[in-house]
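In the text below, chain A, chain B and the rest are named by the order of the sequence lines, each starting its count at 1. All figures in this text were calculated on a predicted structure; none of them were measured in a lab.
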There are 2 protein chains.
Amino acid sequence: MELSELNRVWSQIYFYLRYDYNEDITHRGVRILQQVKNGEYVTIKEISEKLQISHNTASEHVSRLIKKGYIQKERDNKDRRKTVLSLTPKGSEVLVKHTCLDESKLDKIFSLLSKEEQNMIMSSLKLLEQKGRDIHENRIG
Amino acid sequence: MELSELNRVWSQIYFYLRYDYNEDITHRGVRILQQVKNGEYVTIKEISEKLQISHNTASEHVSRLIKKGYIQKERDNKDRRKTVLSLTPKGSEVLVKHTCLDESKLDKIFSLLSKEEQNMIMSSLKLLEQKGRDIHENRIG
DNA sequence: GTTTATATATCGTATTATACGATGTATGTC
DNA sequence: GACATACATCGTATAATACGATATATAAAC
C-alpha cells in the first residue's frame with residue numbers, strides 16, 4: 001500500500017473540491033473554530049495550549065470571534081473563573097466553508113455515481129474517520 | 001445521500017490525521033505552493049490571478065519562497081518576460097506537511113485494515129479525485 | 001525602427017494578523 | 001487571609017499581507 005499515493009489523491013480531492021470562498025476570518029480564527037467544534041469542554045486555556053499561544057492571545061482571538069458572532073461563551077457554573085466556548089450556527093457555517101468540500105460540487109459528482117459507488121465512498125470515509133478518531137484518542141499505538 | 005454527513009466525516013478525518021507540524025511557512029505561502037504544484041505552467045501572473053492579489057504582491061511572496069528554497073524559477077525560452085515556477089523537493093515536502101495526512105498515522109490505520117478495506121478506501125478516493133478533476137476542469141456542468 | 005503592450009522586480013508605504021508582558025478582576029483552594 | 005487559577009484588558013511589538021509607483025526587459029503592433 002503506497003501511502004504517499006493515497007495522500008496525493010487526498011490533497012488533490014481537496015484542491016479540486018474545496019469552496020471558492022473569500023476569507024473573512026483569519027487563519028488563526030479558523031484553527032480556533034476547529035478546536036471549539038472538536039472539544040467537549042473548551043476553555044480559553046484549552047485553546048491557548050492546543051495552539052501553543054499565550055492565554056492573553058487566545059483570549060483576544062476568542063473575543064474577536066465572539067464579536068463576529070462565530071463563538072459564544074458562558075461561565076462554567078461549577079467554576080466561575082472558567083469560560084466555556086461553543087460555536088454559533090454562523091460559526092459552524094463559516095467553519096464548513098473553510099474546512100469542507102463544496103457541497104454543490106459534491107452534489108454534481110454524486111448525481112453521476114451509482115448508489116453502490118456512493119455507498120462505497122461513504123463507507124470508506126467513515127472507516128477512515130473511525131480509525132482516525134482512535135488514533136487521535138490514543139486508542140491505537 | 002446526505003452530503004453534509006460526508007463533509008462532517010471528511011473534516012473529521014483531516015482533523016484527526018493531519019500532521020502536527022509547526023508552521024515555518026506563511027498561510028499565503030502554502031497557497032502559492034499549492035498553485036505551483038497543481039499548474040503545468042505557472043507564472044507570477046497566474047499566481048496573482050488565482051489568489052486575486054496584485055502582481056507585485058505575488059512577485060514578493062514568490063521571491064520569499066525562493067529564498068527559503070521551496071520554489072525555483074526560470075525564464076521561459078519562448079518569452080523571456082515570463083518566469084516559470086516549480087517546486088523544489090524541499091517545497092514539495094513542506095507542502096505535504098501542510099496539506100496531507102500524517103503518513104505515520106495512516107500507516108498505523110492501514111496495518112489494521114484488511115487488503116479489501118484498503119483497496120476500497122483507495123478506490124473511493126481515486127473515484128472522488130477523478131470526478132473532482134472533471135469538475136475543476138469544467139468537464140462536468 | 002518606433003510605439004505600445006506585457007511580465008516581472010523592487011521599493012516605499014500602509015493595514016491587518018499575531019503575539020506577549022504587565023496588570024487587573026474574579027473565583028477557588030488551603 | 002494567602003495563594004493559586006482563569007480570563008480580560010491594555011500597551012507594545014513583530015510578522016504577514018497588500019498595493020501604488022517606478023523601473024527594466026521583452027514582445028507585439030504599426
Name all pairs fulfilling the salt bridge (charged side-chain N to carboxylate O under 4.0 Å, His left out) condition that reach into residues 47-76 of chain A, sequence neighbours left out, sorted by first residue then second.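 Listed by first then second residue: A:E46-A:K50.
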Enumerate the residue pairs fulfilling salt bridge (charged side-chain N to carboxylate O under 4.0 Å, His left out) with a member in residues 92-107 of chain B, sequence neighbours excluded, ordered by first and then second residue.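 Applying salt bridge (charged side-chain N to carboxylate O under 4.0 Å, His left out) to every pair that reaches into residues 92-107 of chain B, excluding sequence neighbours, yields B:D20-B:K105.
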Check each residue of residues 70-86 of chain B for a non-hydrogen atom within less than 4.0 Å of any atom in DNA chain C, then write out the ones that pass by number, or none.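 B:K73, B:R75, B:R81, B:K82, B:T83, in order of number.
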Verdict with supporting geometry, A:R8 and A:E5, salt bridge (charged side-chain N to carboxylate O under 4.0 Å, His left out): CA-CA 5 Å; A:R8 182 194 71 75; A:E5 172 68 1; 3.2 Å; yes
May I ask you to verify if any side-chain N or O of B:T43 is less than 4.0 angstrom from the OP1 or OP2 atom of C:dA7?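 B:T43 to C:dA7 OP1/OP2: no side-chain N or O under 4.0 Å.
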Is the backbone N or O of A:K45 less than 3.5 Å from a side-chain atom of A:S48, with the two atoms forming a donor-acceptor pair by type?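 Side chain of A:S48 to backbone of A:K45: a pair is present.
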Is the shortest side-chain heavy-atom distance between B:T99 and B:L33 below 4.5 Å?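 SC-SC contact between B:T99 and B:L33 ruled out.
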Check the surroundings of atom CD in B:E137: do more than 12 heavy atoms from other residues, nucleotides or ligands lie under 6.0 Å from it?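 Result for CD/B:E137: enclosed.
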Starting at [atom1] of [X] and ending at [atom2] of [N], how long is that distance when rounded to a whole Å?
{"X": "B:K45", "N": "D:dT26", "atom1": "NZ", "atom2": "C1'", "value": "14 Å"}
{"X": "A:I44", "N": "D:dT9", "atom1": "CD1", "atom2": "C1'", "value": "13 Å"}
{"X": "A:I47", "N": "C:dA19", "atom1": "CD1", "atom2": "P", "value": "12 Å"}

Please collect all ring pair (Phe, Tyr, Trp, His ring centres under 6.0 Å) contacts where either partner lies in residues 67-94 of chain A, sequence neighbours excluded, each pair once.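 Matches after skipping sequence neighbours: none remain.
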State which residues pass ring pair (Phe, Tyr, Trp, His ring centres under 6.0 Å) with A:Y14; sequence neighbours excluded, sorted by chain then number.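 If we apply the ring pair (Phe, Tyr, Trp, His ring centres under 6.0 Å) test to A:Y14, skipping adjacent residues, there are no hits.
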Going 5' to 3' through nucleotides 15-21 of chain D, assign each nucleotide B (protein heavy atom under 4.0 Å from a base atom), S (under 4.0 Å only from sugar-phosphate atoms) or - (no protein heavy atom that close). -SBSBBB
